[in-house]
Enquirer: 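Structure below; questions to follow.
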Amino acid sequence: MRLATWNVNSIRARVARTVDFAVRENIDVLAMQEIKCKPEQFPYAPFEEAGYEVHAHGLNQWNGVAIASRLPVEDVRTAFPGMPGFAKGHEGPDQPQEARAMGATIDGVEVWSLYVPNGRSLDDPHYTYKLDWLAALTEYTRSTLETTPELPLALVGDFNIAPTDEDNGDPTVIVGLTTHVSPPERHAFRQLLAAGLADTVRPLVPTGFTYWDYKQLRFPRNEGLRIDFVLGSPAFADAVTGAAIHRNERKGEIPSDHVPVVVDLDLTGPDDDDRPMFW
DNA sequence: ATGTCGTAGGCGCTACGA
């Protein structure tokens with residue numbers, strides 16, 4: 001299976017480019033974030049003509065996640081248990097959930113397309129929401145892998161955190177001043193990994209950014225951030241045979257500000273290799 | 001230059017989120 005994640009920054013603005021990429025790169029499963037539309041507005045036809053079924057979750061013009069797949073999709077979910085909600089000006093419990101998560105089971109892999117809250121600024125309620133959202137995701141991961149430790153579980157998407165200084169090439173993103181690099185956010189990311197996940201791309205693609213702001217020539221200057229990840233449980237991570245960050249997708253006509261991140265999986269398992277010749 | 005995008009509301013812009 002070839003699995004990709006891409007924050008497309010409006011699927012309606014970039015559907016041709018997105019489908020072209022999926023076909024050209026032979027993507028089986030494409031997790032999208034920031035589709036910026038409701039399901040009834042999603043441009044399904046180009047995907048379906050290319051052989052993909054699409055499941056979309058969007059509530060308004062903001063956020064929104066989707067999964068396109070050439071393989072059968074089961075158990076589609078639009079939130080993980082305990083996922084916090086948020087509504088500006090309505091602090092406190094029982095806030096409505098946003099369209100930031102879609103889970104599905106595909107070829108035995110539990111895949112989540114995730115759009116972690118941005119945080120906006122360190123003193124914004126959205127920042128607290130971001131940390132709470134990540135803590136709930138971590139608890140879901142921990143409990144899931146406690147119950148089913150052999151599950152190939154993949155959390156993919158835009159995490160809106162640059163986990164290390166090497167992941168931050170934007171001079172306006174500064175520890176102590178801005179989101180994405182603050183110690184609490186980085187701690188939350190480490191806690192998510194500690195729940196039983198590995199960054200499956202970094203070992204194969206040790207450097208490189210996945211996002212460059214549209215403003216101030218960030219891409220020509222290569223002043224980006226590495227904030228899009230494919231995190232996998234042991235069973236998933238062990239199946240990864242390749243990875244790529246498609247930097248060229250930041251070029252050309254009306255690019256997203258993010259690029260796709262791709263992993264290749266061999267899900268047949270190690271047993272096949274160990275099988276005796278005489279079997 | 002708060003320097004670019006995308007969407008909504010509703011018609012040339014502003015508001016909002018990122």
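Just so we're on the same page: letters track the sequence lines, and every chain starts at 1.
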Enquirer: Taking the side chain as every heavy atom from C-beta outward, state whether A:V65 and A:M32 have any atom pair closer than 4.5 Å.
Expert: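 Counting from C-beta outward, A:V65 and A:M32 never come under 4.5 Å.
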Enquirer: For DNA chain B, whose closest nucleotide is more 5', that of A:I254 or that of A:P117?
Expert: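 Comparing both residues, the 5'-ward one is A:I254.
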Enquirer: Starting from P on B:dG17, measure out to CZ on A:R120 and report it in whole angstrom.
Expert: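 Going from A:R120 (CZ) to B:dG17 (P), I get 5 Å.
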Enquirer: Is any side-chain heavy atom of A:L265 closer than 4.5 Å to one of A:R2?
Expert: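 Answer no - side chains too far apart.
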Enquirer: Looking at A:R218, I'd like to know whether one of its side-chain N or O atoms comes within less than 4.0 Å of OP1 or OP2 on B:dG3.
Expert: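 For A:R218, the contact criterion (side-chain N or O under 4.0 Å from OP1 or OP2 of B:dG3) is not met.
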Enquirer: So what does A:R100 hit on the nucleic acid, given a heavy-atom distance under 4.0 Å: a base, only sugar-phosphate, or nothing?
Expert: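 Touches sugar-phosphate only.
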Enquirer: Would you tell me whether A:E185 and A:H187 have side-chain atoms, one donor and one acceptor, within less than 3.5 Å of each other?
Expert: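 No, because no side-chain N or O of A:E185 sits under 3.5 Å from a partner of the opposite role on A:H187.
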Enquirer: Could you tell me if the side chain of A:L114 sits less than 4.5 Å from the side chain of A:V156, heavy atoms only?
Expert: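 A:V156 vs A:L114: side chains apart.
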Enquirer: Using the ring of each side chain (for Trp, its six-membered ring), is A:W212 parallel, tilted or perpendicular to A:F209, with breaks at 30° and 60°?
Expert: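 Perpendicular: the ring planes of A:W212 and A:F209 meet at over 60°.
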Enquirer: Do A:D158 and A:Y211 have side chains that approach each other closer than 4.5 Å (heavy atoms only, starting at C-beta)?
Expert: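 No. Closest side-chain heavy atoms not under 4.5 Å.
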Enquirer: Categorize A:Q33 for me: base, sugar-phosphate, or nothing, with a 4.0 angstrom heavy-atom threshold over every strand shown.
Expert: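 The answer is nothing, as A:Q33 stays clear of every strand by at least 4.0 Å.
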Enquirer: Can you check the A:E253 CD to B:dC5 P distance for me, whole Å?
Expert: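 It works out to 11 Å between those atoms.
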Enquirer: What distance, rounded to whole Å, do you find between the two P atoms, one in B:dC16 and one in B:dA1?
Expert: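 Those two atoms are separated by 24 Å.
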Enquirer: More than 12 heavy atoms of other residues, nucleotides or ligands under 6.0 Å from CD of A:E253: yes or no?
Expert: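 Count not over threshold, so no.
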Enquirer: In residues 57-66 of chain A, which residues come under 4.0 Å of DNA chain B by heavy atom?
Expert: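 Within residues 57-66 of chain A, the residues near DNA chain B are A:Q61, A:W62, A:N63.
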Enquirer: On DNA chain B, does the nearest nucleotide to A:I35 precede the nearest nucleotide to A:Y115 from the 5' side, or the other way round? Give the residue.
Expert: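 Going by which nucleotide is closer to the 5' end, it is A:I35.
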Enquirer: Give me the distance, rounded to whole Å, that separates B:dT14 from B:dG10 when you measure between the C1' atoms they each carry.
Expert: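 The same atom, C1', in both gives a distance of 11 Å.
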Enquirer: B:dC5 C1' sits how many Å from A:I11 CD1, rounded?
Expert: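 Going from CD1 in A:I11 over to C1' in B:dC5 covers 16 Å.
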Enquirer: Taking only the C1' atom of each, what is the distance from B:dT7 to B:dG12 in whole angstrom?
Expert: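 Those two atoms are separated by 16 Å.
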Enquirer: How long is the line joining CD of A:E34 and C1' of B:dA18, in whole Å?
Expert: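 Going from A:E34 (CD) to B:dA18 (C1'), I get 6 Å.
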Enquirer: Report the distance from atom NE2 of A:H258 to atom P of B:dG6, rounded to the nearest whole Å.
Expert: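 It works out to 13 Å between those atoms.
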Enquirer: Under a 4.0 Å N-O cut-off, is there an ion pair linking A:K130 with A:D124?
Expert: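 Answer for the salt bridge query: no.
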Enquirer: Does A:R12 place a side-chain N or O at less than 4.0 Å from the phosphate oxygens OP1/OP2 of B:dA8?
Expert: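 For B:dA8, OP1 or OP2 has a side-chain N or O of A:R12 closer than 4.0 Å.
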Enquirer: Between P on B:dG3 and CZ on A:R221, what's the gap in Å once rounded to a whole number?
Expert: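 A:R221 atom CZ is separated from B:dG3 atom P by 15 Å.
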Enquirer: Using the P atoms only, state how far B:dA8 lies from B:dG3, rounded to an integer number of Å.
Expert: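 Their P atoms lie roughly 22 Å apart.
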Enquirer: Which whole-number value in Å describes the distance from A:D213 CG to B:dT2 C1'?
Expert: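 These atoms are roughly 11 Å apart.
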Enquirer: Rounded to whole angstrom units, what separation is found between the CG atom of A:N7 and the P atom of B:dA18?
Expert: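 Interatomic distance, CG of A:N7 to P of B:dA18: 11 Å.
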